[in-house]
Amino acid sequence: MPFKSIIHDVKGELGSISRKGKSRSLRVVQDRLVCINAFKQSCWANMPYELLRDVLMRIEASEVTWPTRKTVVSCAGVCRNWREIMKEIVKPPEISGKLTFPISLKQPGPRDSLLQCYIKRSCNNQTYYLYLGLYQSSNEDGKFLLAARKCRRPTCTDYIISLNTDDVSKDSNTYIGKLRSNFLGTKFEIYDSQPPNVGAKVTKSCSTRLMNAKQISPRVPTGNYPIAHISYELNVLGSRGPRRMQCIMDAIPTSSSELEGVAPMQTEFLHSNLDTFPSLPFFRSKSTRTKSSQFRPLSSLRDGMLVLKNKAPRWHEQLQCWCLNFNGRVTVASIKNFQLVAFAENVVVKHEKQENVILQFGKVGNDVFTMDYQYPISAFQAFAICLSSFDTKIACE
């Protein structure tokens with residue numbers, strides 16, 4: 001049988017199983033059992049390992065973009081054997097330049113190009129949605145990635161970030177972090193729900209998550225791990241001009257912005273209760289214990305933290321405005337628009353390196369903004385940094 005026929009049969013089998021498994025949320029457990037029983041009765045249950053791996057490799061290579069790439073996710077959700085094979089085959093965004101599994105959102109982006117995404121803002125419910133840019137036009141929704149909800153408090157503002165568009169709360173099983181600002185909106189902190197690297201310390205506060213205590217393993221560290229600090233320069237004189245911002249990435253070394261630099265990378269979600277979410281059945285690991293192999297350690301304990309600063313715009317005499325080259329990705333002038341580049345204090349940096357934009361954010365329509373990022377930051381970190389631009393800044397404008 002030719003490989004095209006085998007791959008076609010695999011996709012057909014996965015499609016029939018998924019159709020049997022679709023039902024109401026109250027029947028999730030029963031439907032998953034139906035899927036497992038249906039797969040055990042199929043001809044793919046006892047396929048030789050070498051042949052199965054070859055088939056899955058060809059499927060992964062053929063489905064390179066969304067929405068067809070959901071076939072790769074379906075393969076990873078069939079059973080443990082298929083999941084382990086797909087975890088080996090699917091490369092992280094740093095190498096492949098693709099976002100496949102939800103854990104990809106916590107991993108650094110591609111090295112050689114910007115990964116194009118966009119953010120949609122809903123002013124009615126103070127919620128922000130991050131999509132993977134599937135189409136050139138931002139009028140159509142792409143692949144949903146993350147959602148964030150703004151929560152005002154007496155002394156600060158929180159942006160809760162979740163994998164679930166319908167349940168954006170800290171009590172959700174899909175909560176992955178948050179952004180917190182001070183009262184003036186000039187300083188922000190990004191928190192991760194799990195440690196970004198070995199030795200990361202959790203912040204002790206009343207906001208530390210204690211939800212679903214029965215479902216979370218006591219050996220899995222949960223809480224708020226600070227991973228970045230963002231500050232906006234005060235505009236005490238009230239002069240007109242673009243904002244000036246600085247991001248200190250606590251978990252990323254300065255050397256990561258170099259050609260062969262290495263940034264920490266999470267390889268799996270540590271929260272065992274994440275497996276109960278119907279859309280993410282393929283993340284269950286053999287152990288929920290915290291292992292040093294789950295993180296890529298910092299290249300050196302003495303290595304400084306990566307500092308990102310906004311690229312200075314130039315004044316355009318004819319247009320009478322500040323301009324940045326977004327290469328066509330931004331079409332509407334806004335004080336929120338920015339580009340971030342790596343910054344090294346007291347170091348003479350070459351012009352080419354200064355032009356290497358790590359994150360750019362800008363407006364393209366009513367409540368629609370583009371977000372492009374690359375190595376060494378992740379989609380989660382980039383999204384949180386962009387959220388800080390939405391917050392009201394009384395002392396910076």
Side-chain angles (χ1 to χ4, degrees), residues 109-121 123 128 130-133 135-139 142 185-188 228 230-249 257 306-345 347-377 379 381-397:
R111 285 182 177 268
D112 301 328
S113 62
L114 290 168
L115 196 58
Q116 296 183 349
C117 307
Y118 66 91
I119 300 172
K120 282 194 172 183
R121 175 178 59 183
C123 297
Y128 305 83
L130 177 65
Y131 296 91
L132 181 63
Y135 313 103
Q136 294 297 326
S137 174
S138 296
N139 294 327
T186 58
K187 296 184 182 298
F188 298 80
I230 308 170
S231 60
Y232 288 81
E233 186 175 315
L234 295 175
N235 186 8
V236 293
L237 299 179
S239 58
R240 297 183 61 184
R243 295 171 177 170
R244 297 180 181 179
M245 62 184 298
Q246 173 180 282
C247 302
I248 301 177
M249 312 303 294
S257 61
L306 176 66
V307 178
L308 303 177
K309 284 195 173 183
N310 64 308
K311 185 178 177 181
R314 61 181 179 85
W315 178 257
H316 198 290
E317 290 293 342
Q318 294 180 347
L319 298 178
Q320 289 295 299
C321 64
W322 297 97
C323 296
L324 280 171
N325 182 14
F326 288 93
N327 296 312
R329 290 286 293 165
V330 177
T331 57
V332 180
S334 173
I335 197 173
K336 297 179 176 64
N337 301 348
F338 66 81
Q339 290 180 327
L340 294 184
V341 295
F343 172 81
E345 190 175 3
V347 175
V348 178
V349 184
K350 295 182 180 180
H351 179 71
E352 290 78 11
K353 185 174 181 180
Q354 291 179 340
E355 295 297 325
N356 184 26
V357 176
I358 295 178
L359 170 63
Q360 67 178 19
F361 170 80
K363 191 172 184 179
V364 293
N366 292 332
D367 298 321
V368 182
F369 304 80
T370 56
M371 186 199 85
D372 304 337
Y373 76 99
Q374 66 173 336
Y375 197 91
I377 65 174
Q381 294 166 340
F383 185 43
I385 294 174
C386 292
L387 288 175
S388 70
S389 185
F390 287 109
D391 201 63
T392 303
K393 296 163 182 58
I394 303 175
C396 298
E397 300 172 358

Who passes ring pair (Phe, Tyr, Trp, His ring centres under 6.0 Å) against Phe361, sequence neighbours left out?
Phe338, Phe369, Phe390
Can you find a heavy atom in the side chain of [X] that is under 4.5 Å from one in the side chain of [Y]?
X      : Y      : value
Phe383 : Tyr373 : no
Gln116 : Thr370 : no
Ser257 : Asn356 : no
Ile248 : Ser231 : no
Tyr118 : Val364 : no

As a quick check of understanding, evaluate side chain to side chain contact (heavy atoms under 4.5 Å, CB included) for Met371 and Leu359, giving each step before the final call.
CA-CA 7 Å; Met371 186 199 85; Leu359 170 63; 3.9 Å; yes
Could you tell me the separation between the CG atom of Asp367 and the CD1 atom of Ile119, rounded to the nearest 0.5 Å?
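So the gap between those two atoms works out to 12.0 Å.
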Quick one: CG on Leu132 to CG on Leu115, what's the gap to the nearest 0.5 Å?
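That separation rounds to 6.0 Å.
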Nearest heavy-atom pair of [X] and [Y]: which atoms, and what distance?
X      : Y      : result
Leu324 : Ala312 : CD2-O, 3.9 Å
Leu306 : Ala342 : CD1-CB, 4.2 Å
Ser388 : Tyr232 : OG-OH, 2.9 Å
Ile377 : Ala382 : CD1-CB, 3.9 Å
Val332 : Gly365 : CG2-N, 4.0 Å
Leu340 : Cys247 : CD1-SG, 3.8 Å

Examine distances only and state if a side-chain atom of Gln374 and a backbone atom of Val357 form a donor-acceptor pair shorter than 3.5 Å.
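Judged by distance alone, yes, a pair lies under 3.5 Å.
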With a 3.5 Å distance limit and no angle check, can you tell me whether Asn310 reaches the backbone of Met245 through a side-chain donor-acceptor pair?
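Yes; at least one donor-acceptor contact below 3.5 Å.
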Excluding sequence neighbours, so at least two apart, what forms side chain to side chain donor-acceptor pair (under 3.5 Å) with Asn327?
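Listed in chain order: Asn325.
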Output all residues satisfying side chain to side chain contact (heavy atoms under 4.5 Å, CB included) with Ser334, sequence neighbours left out; order by chain, then residue number.
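Expected list: Lys336, Asn337, Lys363.
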